[in-house]
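Beneath this line is the structure, given in structure tokens, with notes to follow.
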Amino acid sequence: MKQALLTRSTRPDRSAARRSPALRASPIADVRRGGSSALFVTTEIADFVKTGGLGDVAAALPRALSRWHDVRVLVPGYPSVLENIRGLRWEGWTRPVAGLPAARIGRGCTEDGLGIYVVRETSLFERVGSPYLSPSGEDWGDNAVRFALLSMAAAQIGAGSAGLGWRPDLLHLNDWPTALAPSYLRWHGYATPCLLTIHNLAHQGLFPLELKESLGIPSWAGDADYHGQLSFLRAGLLQADMLTTVSGHYAQQITQASQGMGMHAMLHRRASQGRLVGIVNGIDDSWNIERDPALPLAPDRDPDSIRRLARLALCAEMGLEPHKGPLFAFVARMVAQKGIDLVCEVGAQIVRAGGQLALIGCGDADMEAAVRRLARRFPGRIAAHIGFTEAVARRMFAGSDFLLMPSRFEPCGLSQMYAQAYGSLPIAHATGGLVDTIEDGVTGLLFADSCASELRKALARAFRIHDEPELMSAMRHAAMALKHGWEHSARKYSALYGRAMAQPAAA
Ligand code: GLC
């Protein structure tokens, strides 16, 4: 019976709707505001839930795009979404497919009116924990079902079959948890254009092959098959009409074996067809040093005065003693990708050379423990806040002289842009979006290899620059003058929406 729902067609096929009750379209009342429409599908949006940069991007990009398109966001109905969304009404539903349950689709909005659709399935999404992990830090055991359901809901909305009276012209998917949506559409005979943004190729949505049938993946379909497992991401990389990633440099790197995480051959092929494009992320308008409520008020409103006061506030709250040397900051998840282990290795050198170090973030238990040990070794000189408090992070960007970003790989990175906007110079490994956003010796420092010896050399450079107040001030002002707003990037996404709609990959 389930097999009868599926079709091999990848072209628009009216008869498919008859064969496919799961995605069969309901009458569409077209309520567009003009321009085309898009459903932005994400597991995080900073208004309600955020574990990393995706949450920030999902909050900023749809808003920036709404200038040209009717963009609405689809998120799972986590408790934080259900509690904070405005004006939630239950408007539609998704039909069950294979082992994926039915779910209700609600519609509400953010405080400023961005339209939000919510997939509600209590047993899958209403839990205490992060979107991906249980409170003990393990992946939720049923993540395959949870995110296949999110992808299926996106596909049914994209097919106009979720009873919403609205059908987007395009699905904008983000990372592996949404990446089965293009395949679900194609298997059911729908050609709804899909754009998939890769925020991090390291997370590929790998699950046991035995789950295939229960996830509604036809036995004949190989899109998600990957070395004896299922990879949600692979299906999306194959089937989306357009792929984007979050910087130009990362777009090139992932087509090569060293950074392609096993997907480079396919990504190389898609890039050569013009179907993989890098668009660097922006940062939102809240990153304005003169108007940030997390920063102290300076009577003259001068950014340099705000920075001085932010430094005092930060040192007091972190327990750092007053000191003349440079203050280095680390603001990131404490995981290997971000090179937190390298920062721990050079901590003593920073102190010996007369500097201080402040760290904020959480992550792997062993890395957190190493950071705690380091702070205990150098009281007053090295301080750590394990956890994440946005306001403290903002004071770190405004109160520090340098931000350490020795990431092993970094699709885009946002912290370097936050730091530049607030006058802290990023010291970063020359990888991914860090190359797109930092000009070495002008708006920050770049070093070639992500190892402690290279980071040490970069630190020595930083100390020398700090000793030359004029150079330091010129670099700081060059960094603060950069324009990292979303408008330019949103324009590029808008053009790609147009391209995906005009030239679907299957055409
Ligand atoms: C991921 C990437 C980061 C990027 C963010 C938003 O977290 O690791 O580099 O900035 O997504 O796109």
Side-chain angles (χ1 to χ4, degrees), residues 40-47 49-65 73 75 130-133 172-179 195-205 233 236 243-254 259-261 263 276-284 287 330-340 361-364 388 390 393 397 403-421 426 428-438 444 446 450 484-486 488-490 492-493 496:
F40 190 95
V41 190
T42 178
T43 47
E44 315 183 10
I45 172 165
D47 300 68
V49 54
K50 168 179 153 180
T51 71
L54 171 61
D56 286 334
V57 173
L61 179 56
R63 288 179 165 100
L65 281 163
V73 176
V75 276
S130 100
Y132 322 105
L133 309 173
H172 185 159
L173 307 157
N174 292 279
D175 276 348
W176 74 265
T178 63
L195 180 150
L196 170 64
T197 297
I198 306 161
H199 296 266
N200 193 337
L201 193 63
H203 304 298
Q204 304 189 343
L233 185 67
L243 303 175
T244 66
T245 188
V246 287
S247 68
H249 194 66
Y250 192 60
Q252 286 169 11
Q253 286 183 304
I254 58 177
Q259 293 278 347
M261 312 246 172
M263 303 280 182
L276 168 63
V277 176
I279 302 180
V280 71
N281 285 331
I283 62 175
D284 67 59
W287 292 94
F330 176 88
V331 183
R333 279 175 296 123
M334 293 179 176
V335 295
Q337 180 201 334
K338 302 291 178 182
I340 178 64
C362 53
D364 295 344
F388 192 79
E390 173 92 18
F397 293 123
L403 177 80
L404 300 179
M405 281 191 85
S407 303
R408 292 195 159 79
F409 67 95
E410 194 62 81
C412 178
L414 299 171
S415 291
Q416 78 279 15
M417 293 188 265
Y418 300 151
Q420 288 169 328
H429 174 213
T431 187
L434 300 170
V435 174
D436 295 52
T437 51
I438 299 169
L446 291 171
S450 60
H484 289 305
W486 266 104
H488 188 62
S489 301
K492 291 191 178 166
Y493 275 103
L496 284 188

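Just so you know, ligand 1 is whichever comes first in the structure, and atom 1 is the first atom listed for that ligand. Only a predicted model underlies this, so the values are computations on that prediction, with no experimental measurement involved.
- Expressed to the nearest 0.5 Å, how far NE2 of His484 lies from CG of Asp284 amounts to 13.0 Å.
- Considering Asp56, Leu61, Leu414 in turn, Leu414 is the only one that fulfils the side chain to side chain contact (heavy atoms under 4.5 Å, CB included) rule with Asn281.
- How far OG1 of Thr43 is from OH of Tyr132: 3.0 Å, rounded to the nearest 0.5 Å.
- Residue Ile198 holds its CD1 atom at 4.0 Å from CD1 of Ile254, rounded to the nearest 0.5 Å.
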Report all N/O contacts between ligand 1 and the protein shorter than 3.5 Å as a table of atom names and distances to 0.1 Å; if there are none, say 'none'.
residue  : atom   : partner : partner atom : Å
ligand 1 : 9 (O)  : Glu410  : OE2          : 2.5
ligand 1 : 9 (O)  : Pro411  : N            : 3.4
ligand 1 : 9 (O)  : Cys412  : N            : 2.9
ligand 1 : 9 (O)  : Gly413  : N            : 2.9
ligand 1 : 10 (O) : Gly413  : N            : 2.8
ligand 1 : 12 (O) : His199  : ND1          : 2.7
ligand 1 : 12 (O) : Asn281  : ND2          : 2.8

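- Here the side chain of Gln416 pairs no donor or acceptor atom with the backbone of Leu434 at under 3.5 angstrom.
- Thr244 pairs by the side chain to side chain donor-acceptor pair (under 3.5 Å) definition with Thr197, not counting sequence neighbours.
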